[in-house]
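Everything on this sheet refers to the single structure shown next.
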Number of protein chains: 2
Amino acid sequence: MATIGAVAKQAGVSIASVSRVINGTAARADTERRVRAAIQDLGYQPNSAARALKVRQSEQICLSFDDLSNPAYVLMTRGVGQALSSSKYRLILSSAFSSVEEIVKHLETMGRGFADGLIISPIYADARITTLISQLKMPVVLVGTMPEGLDVDNVYVNSAAGVDLAIDHLIEIGRKRIALINGPVTTNPGRRRKAAFEKALKKNKLAFSDASIIQADAFSTQAGFEAVTNIKELKKFDAIICANDQLAAGVMKFCVDNEIDIPSDIALIGIDNIELASLLRPTLTSVDLRAEERGQIAANLMLNRLANPDRPSKQIEVQPRLVIRQSTVAS
Amino acid sequence: MATIGAVAKQAGVSIASVSRVINGTAARADTERRVRAAIQDLGYQPNSAARALKVRQSEQICLSFDDLSNPAYVLMTRGVGQALSSSKYRLILSSAFSSVEEIVKHLETMGRGFADGLIISPIYADARITTLISQLKMPVVLVGTMPEGLDVDNVYVNSAAGVDLAIDHLIEIGRKRIALINGPVTTNPGRRRKAAFEKALKKNKLAFSDASIIQADAFSTQAGFEAVTNIKELKKFDAIICANDQLAAGVMKFCVDNEIDIPSDIALIGIDNIELASLLRPTLTSVDLRAEERGQIAANLMLNRLANPDRPSKQIEVQPRLVIRQSTVAS
DNA sequence: CCTCAAACTGTAATCGTTTACAGTTGATGG
DNA sequence: CCATCAACTGTAAACGATTACAGTTTGAGG
């Protein structure tokens, strides 16, 4: 591999001059021409490790979240990737963490300087994670609910508003006995959705009991399917909100199998509005939490912060939007 | 940030000794203890750029493909990520290339040494890409059909066998007028599926004309939907194979809208067997191309090659498998 | 033609590691 | 107690870039 020294020799100038033409500092036309020719000739590419060592920047941004099987995170990743693609930064991906310990281990590794910034969307609320993030010497953008006592750039969706949208819509179409199929409450989204759901029911003076919340083991289709196996229980409700679209897909499958009609017997609403929602039969009404947009915003916050390290931290709220389809309003 | 020098001073040894205990070379028990204590004390983390510069390894592997919107690539990414997670290598992701030029630009950038290896799954067959790959100084694993004149590690799926599986199954259930809804033939998968389809029809002495292949603009649901707008044309067939599951989802949507029954009027088979296939109504028979597994294999080939740079290149063929669901056999 | 400032260029130090080589220590056996 | 050798340790030179600083060139203006 050609080094900057080889280029300098070939062009008959000093390595400083080569460095300067590469980095766009002033150079005489003649010098620049010769250097560029030499670069061409030798197929020279600046070594990124050497550069990173000297300027203390890796030109890499790390994106961390729990699992790529969730399409909402895929959307987020796309948003981040897209926003980064027009910058000089590369995207490095850390996902598929199966435990808090793994996340912690990963965060500890951040001190090695292989990334200039961290965009993280932690699904588990754990004090260790919060502490580590706050100790990080690098810019952090947090996607999701901000834990207490952290002051970093943040983009989050007003998910209570999302639940409100869903419930208002259900009330509008005359439903009163509403259940929530929730994901694990050990997770941030699980906790928040539960709280928002209870609050919204109370606000609207609707019946609420512990039975109104059915816990699924995970945010997956399978888990949704398994959460509602008790038909009699299920028939007590005339509407169901699911904590995400995949849970809703599982519930829908169960309903189809058991000849419970959607929406006439039970109306069904998902959350996330992933592509799946428009492909199910009936198509699924869903609260769009704008994951891709959040990813974009997060990446832009990061780029902005990197360009401007001392600005105060920003918190950006994204508004959800309800996409009404056949699972609540037959077409 | 603490450097190795600070650790050495704190421990009262030379930096060489610190480096050695970090990298596991022999050291006296006493030395090791003191160094470890100092590392703890100072929260020292070795700087990855400095290390990369010295040892000429970045401990990063780059995964490149066209677009993360395709769930098959998400699966592949998961497979790669999983295989890499137990290694020392980090995953860096390059996707969302909109043109061959962008891929070329990206490949040219590889010389900077920010990655130790490249796993690439190019959707477009372009001579420039092939040339650049063959000139790369780093290990490459190619996922997909190997272009002429390239000799690198490779994992590919026997997609002709996949089409055969589909056609055999259709014949078995008595279908004879079979169409292919294909993706763009400017892509590798598009080309291969077309060829495999024609060959399989001939082999089975089934009717084939140019009309048997309907071209969609993309590998998306929308494109599938739009490809079949001519009902009369469509009704000439009693079975349709789609080049991927999303195309099939689009076709299915069209059929439902137009009261064409699946499978009695038309049997439908997708390719890829993404999660969607089991969630559609009717559920979609699909040829599983084992994307996640290919990702894993690719990553393992890479790790193996990195550990063993001089071994001859390996080509691994993955066998597809047919997953029969309601879109061909009513339940 | 000379002066002077502006514009450019080169020398050399530096970033934080790894590692060859030479030097030191400690244990073992005679 | 000394010689010998293995095992460990320290010194210093890389790795390939950037950049402060000092030196050189250039061109304009008098």
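Naming: A, B, ... by sequence-line order, numbering from 1 per chain.
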Given atom [atom1] of [X] and atom [atom2] of [N], what is their separation to the nearest angstrom?
X        : N      : atom1 : atom2 : value
B/Asp30  : D/dT9  : CG    : P     : 8 Å
B/Met1   : C/dT14 : CE    : P     : 22 Å
B/Ile4   : D/dA12 : CD1   : C1'   : 14 Å
A/Glu59  : D/dA17 : CD    : C1'   : 12 Å
B/Ile39  : C/dT17 : CD1   : P     : 10 Å
A/Phe114 : C/dC15 : CZ    : C1'   : 19 Å
A/Arg34  : C/dT9  : CZ    : C1'   : 11 Å
A/Lys9   : D/dG16 : NZ    : P     : 14 Å

(request) State, to 0.1 Å, how close B/Val140 and B/Val152 come at their nearest heavy-atom pair, and which atoms those are. (result)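 Smallest interatomic distance, heavy atoms only, reads O-CB, 3.7 Å.
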Within the structure shown, what part of the strands sits under 4.0 Å from [X] by heavy-atom distance: base, sugar-phosphate, or nothing?
X       : answer
B/Gln57 : nothing
A/Ala27 : sugar-phosphate
A/Gln45 : sugar-phosphate

(request) Please list all pairs passing the salt bridge (Lys or Arg N to Asp or Glu O under 4.0 Å) test where one or both residues lie in residues 70-85 of chain B, with sequence neighbours left out. (result)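 Qualifying pairs, neighbours excluded: B/Arg78-B/Glu292.
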(message) Quick check for you: among C/dC15, D/dT18, C/dG10, whose closest atom lies nearest to any side-chain atom of A/Ser14?
(response)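 Between C/dC15, D/dT18, C/dG10, the one nearest the side chain of A/Ser14 would be C/dG10.
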(request) Take A/Thr25 and A/Asn23 through the test side chain to side chain donor-acceptor pair (under 3.5 Å) and record every step on the way to the result. (result) CA-CA 6 Å; A/Thr25 325; A/Asn23 296 294; over 6 Å; no
(message) Between A/Leu118 and A/Met110, is there a side-chain heavy-atom distance shorter than 4.5 Å?
(response)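 SC-SC contact between A/Met110 and A/Leu118 confirmed.
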(message) When you compare the side chain of B/Asn304 with that of B/Lys314, does any pair of heavy atoms fall below 4.5 Å?
(response)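 Yes, at least one pair of side-chain atoms sits under 4.5 Å.
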(request) Take nucleotides 19-26 of chain C nucleotide by nucleotide from the 5' end and write B, S or -, depending on whether a protein heavy atom sits under 4.0 Å from the base, only from the sugar-phosphate, or from neither. (result) B------S
(request) For the pair B/Asn300 (side chain) and B/Gln296 (backbone), establish whether a donor and an acceptor sit closer than 3.5 Å, ignoring hydrogens and angles. (result)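 Such a contact is found between B/Asn300 side chain and B/Gln296 backbone.
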(request) State whether the side chain of B/Arg112 and the backbone N or O of A/Gln45 hold a donor-acceptor pair below 3.5 Å, judged by distance alone. (result)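 No.
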(message) Need to verify one output field. Residue with the more 5' nearest nucleotide on DNA chain D, A/Val18 or B/Val13?
(response)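 In this pair, the answer is B/Val13.
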(request) Establish, with yes or no, whether the OP1 or OP2 oxygen of D/dG16 is under 4.0 angstrom from a side-chain nitrogen or oxygen of A/Thr3. (result)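 For D/dG16, neither OP1 nor OP2 has a side-chain N or O of A/Thr3 closer than 4.0 Å.
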(request) Verify the contact: side-chain N or O of B/Arg56 to OP1 or OP2 of C/dT18, cut-off strictly under 4.0 Å; return yes or no. (result)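 No, because none of the side-chain N or O atoms of B/Arg56 sits under 4.0 Å from OP1 or OP2 of C/dT18.
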